[in-house]
Amino acid sequence: MSERTLDKAYEPTAVEERWGAYWIDNNVGAPDLSSGKPAFSMVIPPPNITGALHLGHALNSTLQDILARYKRMTGYNVLWLPGIDHAGIATQNVVERQIAAEGLDRHKVGREAFIERVWKWKADSGGTIINQLKRLGATCDWSRLRFTMDDGLSKAVREVFTSLYAEGLIYRGDYIINWCPRCHTALSDLEVQFDEKDGSLWYMDYPLKEPVSGMTHLTVATTRPETMLGDTAVAVNPDDERYKALIGKTVVLPFTGREIPIVGDDSVSVEFGTGVVKITPAHDFNDFDVAKRHDLSAINVMDIDGRMNENAGPYAGLDRYAARKKIVADLEEAGLLGKIDRHKLMLGECYRCSTVVEPRLSKQWFVKVEPLAKAAIEAVESGEVRFVPKGWENTYFDWMHNIRDWCISRQIWWGHRIPAWHCADCGHVTVDTLDPASCAKCSSVSIEQDPDVLDTWFSSALWPFSTLGWPDKTEELEAFYPTTVLSTSFDIIFFWVARMIMMGKKFLGKAPFSDVYIHALIRDAQGQKMSKSKGNVIDPLVMIDKYGTDAFRFTLAVLAAQGRDIKLAEERIAGYRNFCNKLWNLARFTLMNLGEEDIDLSIEAPLNMADKWIMTRRSVCINEVKGALDEYKFDEAGRALYRFVWHELCDWYVELIKLDLRGEHGPERKAASVHVLLTVFTDILKMLHPFMPFITEELYSYLPGAGKSIMATEFPSAGRQYAEASDMEAVMDVIRVIRNIRVELNLAQDAKTDCICFANDGHLREVLEKSEEYIRLLAKVKEFEVRESSERPGNAASGIASGDNEKTVEVFIPLAGLIDYDAEEKKLRKELDKVVVEFEGVEKRLSSEAFVGKAPADVVEKERARLAGLQEKKAKLEEGIERIRSMKA
RNA sequence: GGGCGGGUAGCUCAGUUGGCAGAGCACAGCCCUUACAAGGCUGGGGUCACAGGUUCGAGCCCUGUUCCGCCUACCA
């Protein structure tokens, strides 16, 4: 026994500090490679180096930590590998802002110096999130913390790039990509977010070079008039009767005078606008495809800032929106502007800075994903990778089947620089894992490395194996690849999960994980997305300070139902803070009774009914928790524990054994009760430990014979389930009925009443007689009597308890002279009404030939028994009402 | 436009192969009963979105309707 005494209420702060430090100092997350236990491994989705812990991280890390702790306690060799992502654009933005405050920009600072600044920033303030994860209690193996820009991981990146390039799966070329005019870089399709905006649809006339059957011009409809300067064709649907004849003819582009062809293309809708589309291959994805089909040239009319360039003639130098205004005005002046419709459109924005992106033609590096995607699709189809919940597999397939090549080059400085060197003499591109000294083709030393860096997600895609030492053949890779489960949120299935599967299949021949657990998204109590601008953000660290980490973790776990968003209200956390306190006080009660006198726990006293009941419920609870956790149903596991601890152990068992504990039934009985209480309490601590690691460590340390840490104990196994448990339930129901009557009669809290029970079953009568003490104690009963004949006593309030269907107990509370007959009658009638409705329902069902003939025999049997019970109950109530009426008269 | 999920108590949500509609919070009444007032006991509260269908029996399965949320898409 510890010398420490427990305060009346749980105070998390000191406990969390102490145990948090203990786990870190002993690096409890470290696996033992020589243990011979089966492996369980996870890689953490690496948070951005710029990030602070938000609810998404808190949820995901909590769930992963629950798995890690649970698996350790059930005999696995667990590796949970932590890390951080270098987050290219995000990090560069942060440091750019920093130097902007000094009146500099990155170009003035220079590439080398800028990158040094980023590393310095990382050293100073990067990775605070790691400490926040530790605060949450995450038992990662912190000795294996990885960063995507580490040497080892960079080596993996080069290996993969070189290999894919050699196979022709990485190529470079002029393609249209999403361009952020503020970040000055290409973005992948995924890095663009769409938002519906109000816009306009302008109708403008392009004159035909030569009139055709009376037509002098074509009217095109566009949402972006400024791009007309880059038009290289207009297109119509080849089946459109209005314009069919014009295909192959020529129009003259206003302002520039350029002559451009009219082409026929299926992608043009006959119904929309005028049925004529201007084609701007350099600034529109669809137009780019049309141009490829018709071999049209492309004219880029904007620069990297989104301003019009020298190809825009008189508009050169104007911002794209200023150019739009001016062009519309000029068209109007020239009499070429038709009507203007209001039009809703989806505008793409940069996911980092929300600037409207500009489709732009430029030279970029791409991964040819189709062959990679094929293997990745098969991995899921074959069941090698399983999504939980399964519904996400469809989302995954949809995307994978329609996947476009992945633009992997970014025109920024922070990231993995593309390992390609351009030769100034022969133009050859040398790609190698090591920096080459000369051109691989002509041996010229005038080579220069490609200025671009790789998309951040390129290194993330390698995360499950690069962190384990690949491309080297390491012990870790052998032991822990493929990992067991990846836990993440659905919004990065495409960014990350799919690409990891592709790369894992490609380079290791095995998908990087067998289960993908997709957790819910957290919203506020009203179901709104949390965002800084709405001011509805809940900061996990504030919640931890306020309610304690354990309460916070438990809340997240209980709300994490599969397939549904989480609406998080602060009151929920407060509720589970109360649960922590309940547990704390249960511990105080348990320890108090272990207390001063030495209880000989080795006495093997026989279990009584209450003991057998709680031991049975314990087994049920263990099965529920294990079953739920094995299926990633954290909410079910948490709820089962909550119910068992509070509503079964605390509300009932603790109350039932109080007489034992006072020693009223002798030392043996006391020892038995304490023994059972301690057993169940210890198991509860163990089962709750994955959810609430701090308080359970603390309370466990007070238990007699406790080891250093609860983490080293084994997760409980279910034991025997006793038939007597249902006897206990019947007694509990009688107690509930008496309590109910007492409240309805408005009796003083401490008033004692007598009680007479009639049971229609011999066994039940025995059980009740045996349980006299429980009933006296918990229902405040003075004289207690079990009678065989169902003769209703005179002045008495009554109620009926039902155990199993046909077994009923009629309960009477005699109250000489005190009874309010009207109230009693009203109460009985109300109860009778309920019973009658139920009775008639069952009777009707049983009288139906169809039911008796077709329903399974056990169902019919159950219904018959139920009917008999209801019949009994109904008769008793009717008799009771009759009796009351006669007494009234 | 296509796809996915959801609609169950005032609120947030469970609801197992179809077989007695549940929990937490909130609310109301009575209690500081020696583990816990961050607590205890008791109670009220439901047209399971709507309309059909299958079935002995539907919150659950099928069809349609409707509302909400999300993902996705080249009607310029």
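Just so you know, these numbers come straight off a predicted model, no measurement behind them. Just so we're on the same page: letters track the sequence lines, and every chain starts at 1. All values below come from the heavy atoms of this structure, side chains included, with hydrogens, waters and symmetry mates left out.
Of all nucleotides listed (B:rG19, B:rA35, B:rG40), B:rA35 comes nearest to the side chain of A:Cys650. Counting only heavy atoms from C-beta on, A:Glu636 has its side chain closest to B:rG15 among B:rA35, B:rA38, B:rG15. Listed candidates were B:rG44, B:rG19, B:rA37. Nearest to the side chain of A:Ala855 is B:rG19. In this structure, the nucleotide among B:rA73, B:rA35, B:rC56 sitting nearest to the side chain of A:Phe194 is B:rA73. When each of B:rA76, B:rU72, B:rA35 is scored by its nearest atom to the side-chain atoms of A:Phe494, the top-ranked nucleotide is B:rU72. In this structure, of B:rA73, B:rC70, B:rC56, it is B:rC70 that holds the atom nearest to the side chain of A:Phe490. With B:rU42, B:rC36, B:rG3 as the choices, the nucleotide that has an atom nearest any side-chain atom of A:Asn740 turns out to be B:rU42. Of all nucleotides listed (B:rA76, B:rA35, B:rA38), B:rA35 comes nearest to the side chain of A:Lys658.
Panel note: side chain A:Asp550, backbone A:Ile695; a donor-acceptor pair is recorded below 3.5 Å. A:Glu191 places a side-chain N or O within donor-acceptor distance of the main-chain N or O of A:Ser188, the cut-off being under 3.5 Å. In this structure, A:Arg742 contributes its side chain and A:Ile813 its backbone to no donor-acceptor pair below 3.5 Å. Looking at A:Arg864, its side chain never comes within 3.5 Å of a backbone N or O of A:Leu846 through a donor-acceptor pair. Of the possible donor and acceptor atoms, one in the side chain of A:Lys670 sits under 3.5 Å from a partner among the backbone N and O of A:Leu661.
Between the CD1 atom of A:Ile279 and the P atom of B:rC75 there is a distance of 14 Å, given to the nearest Å. One interatomic measurement links the two molecules: CZ of A:Arg577 to C1' of B:rG39, which rounds to 13 Å at whole-angstrom precision. B:rG44 atom C1' lies 16 Å from atom CD of A:Glu831, rounded to whole Å. In this entry the distance linking CG of A:Asn585 with P of B:rG40 reads 10 Å, nearest Å. Atom-to-atom, CZ of A:Phe589 to C1' of B:rC36 comes out at 11 Å; the value is rounded to the nearest Å. In this entry the distance linking OH of A:Tyr653 with P of B:rC36 reads 20 Å, nearest Å. A:Ile573 places its CD1 atom 15 Å from the C1' atom of B:rA38, with the value rounded to the nearest Å. To the nearest angstrom, C1' of B:rG19 lies 15 Å from CZ of A:Arg864.
As judged by a 4.0 angstrom heavy-atom cut-off over every strand, A:Gly275 is placed among the base-contacting residues. Residue A:Asp651 is classed as a sugar-phosphate contact, given heavy-atom separations below 4.0 Å to backbone atoms only. Among the atoms of the strands shown, none is found under 4.0 Å from any heavy atom of A:Thr395. Residue A:Val654 is classed as a base contact, given a heavy-atom separation below 4.0 Å to a base. Here A:Arg736 lies in heavy-atom contact (under 4.0 Å) with sugar-phosphate atoms only. No contact: A:Glu271 has no heavy atom under 4.0 Å from any strand. Heavy atoms of A:Lys633 sit nowhere under 4.0 angstrom from any nucleic acid atom. Residue A:Arg739 is in sugar-phosphate contact alone, with no base atom involved, counting any heavy-atom pair closer than 4.0 Å across all strands shown. Counting any heavy atom pair closer than 4.0 Å across all strands shown, A:Asn581 reaches a base atom. Here A:Glu863 lies out of heavy-atom contact (under 4.0 Å) with every strand.
Residues A:Trp392 and A:Val380 fail the side-chain proximity criterion, which asks for heavy atoms closer than 4.5 Å. In this structure, the side chains of A:Asn237 and A:Asp265 stay at 4.5 Å or more apart for every pair of heavy atoms.
Along RNA chain B, the nucleotide closest to A:Glu744 and the one closest to A:Val852 are compared, and the more 5′ of them pairs with A:Glu744. Nearer the 5' end of RNA chain B, as judged by each residue's closest nucleotide, is the contact made by A:Arg845, out of A:Arg224 and A:Arg845.
Using atom P as the reference point in both B:rG59 and B:rC48, the two lie 7 Å apart (nearest Å). With C1' as the reference atom, B:rC68 and B:rG19 are 32 Å apart, rounded to whole Å. Look at the C1' atom in both B:rC50 and B:rU66: the space between them is 7 Å, to the nearest Å. Taking atom C1' in both B:rG57 and B:rC71, the straight-line distance is 38 Å, to the nearest Å. The P atoms of B:rG46 and B:rU8 are separated by 14 Å, rounded to the nearest whole Å. When the P atom is compared between B:rC62 and B:rU54, the two are found 15 Å apart, to the nearest whole Å. Nucleotides B:rC20 and B:rU33 have their C1' atoms positioned 35 Å apart, rounded to a whole Å. Nucleotides B:rC11 and B:rU47 have their P atoms positioned 12 Å apart, rounded to a whole Å.
For A:Asn578, no side-chain nitrogen or oxygen approaches OP1 or OP2 of B:rC36 to under 4.0 Å. For B:rA76, the OP1/OP2 oxygens have a side-chain nitrogen or oxygen of A:His343 closer than 4.0 Å.
A salt bridge between A:Arg829 and A:Asp833 is absent, with no side-chain N of the basic residue lying under 4.0 Å from a carboxylate O of the acidic one.
Separation of the A:Tyr576 and A:Tyr547 ring centroids does not fall under the 6.0 Å cut-off. Between A:Trp584 and A:Tyr10, the ring center distance clears the sub-6.0 Å criterion.
The partner of B:rG44, taking Watson-Crick or G-U wobble pairs whose two distances both stay under 3.5 Å, does not exist in any strand shown. Shown here, B:rC11 forms a base pair with B:rG24; the pair counts as Watson-Crick or G-U wobble because both key distances fall under 3.5 Å. Taking a pair to require two hydrogen-bonding distances under 3.5 Å in either a Watson-Crick or a G-U wobble arrangement, B:rU63 pairs with B:rA51. Nucleotide B:rC70: paired with B:rG3 (Watson-Crick or G-U wobble, both distances less than 3.5 Å).
Side-chain to base pairing of A:Lys582 with B:rC36: one donor and one acceptor N or O lie within less than 3.5 Å of each other.
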Seminar exercise, completed: Under a 4.0 Å heavy-atom criterion, the protein footprint on nucleotides 22-33 of chain B, written with B, S and -, is --S------S-B
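Atom NE2 of residue A:His519 and atom CZ of residue A:Phe634 lie 10.5 Å apart, to the nearest 0.5 angstrom.
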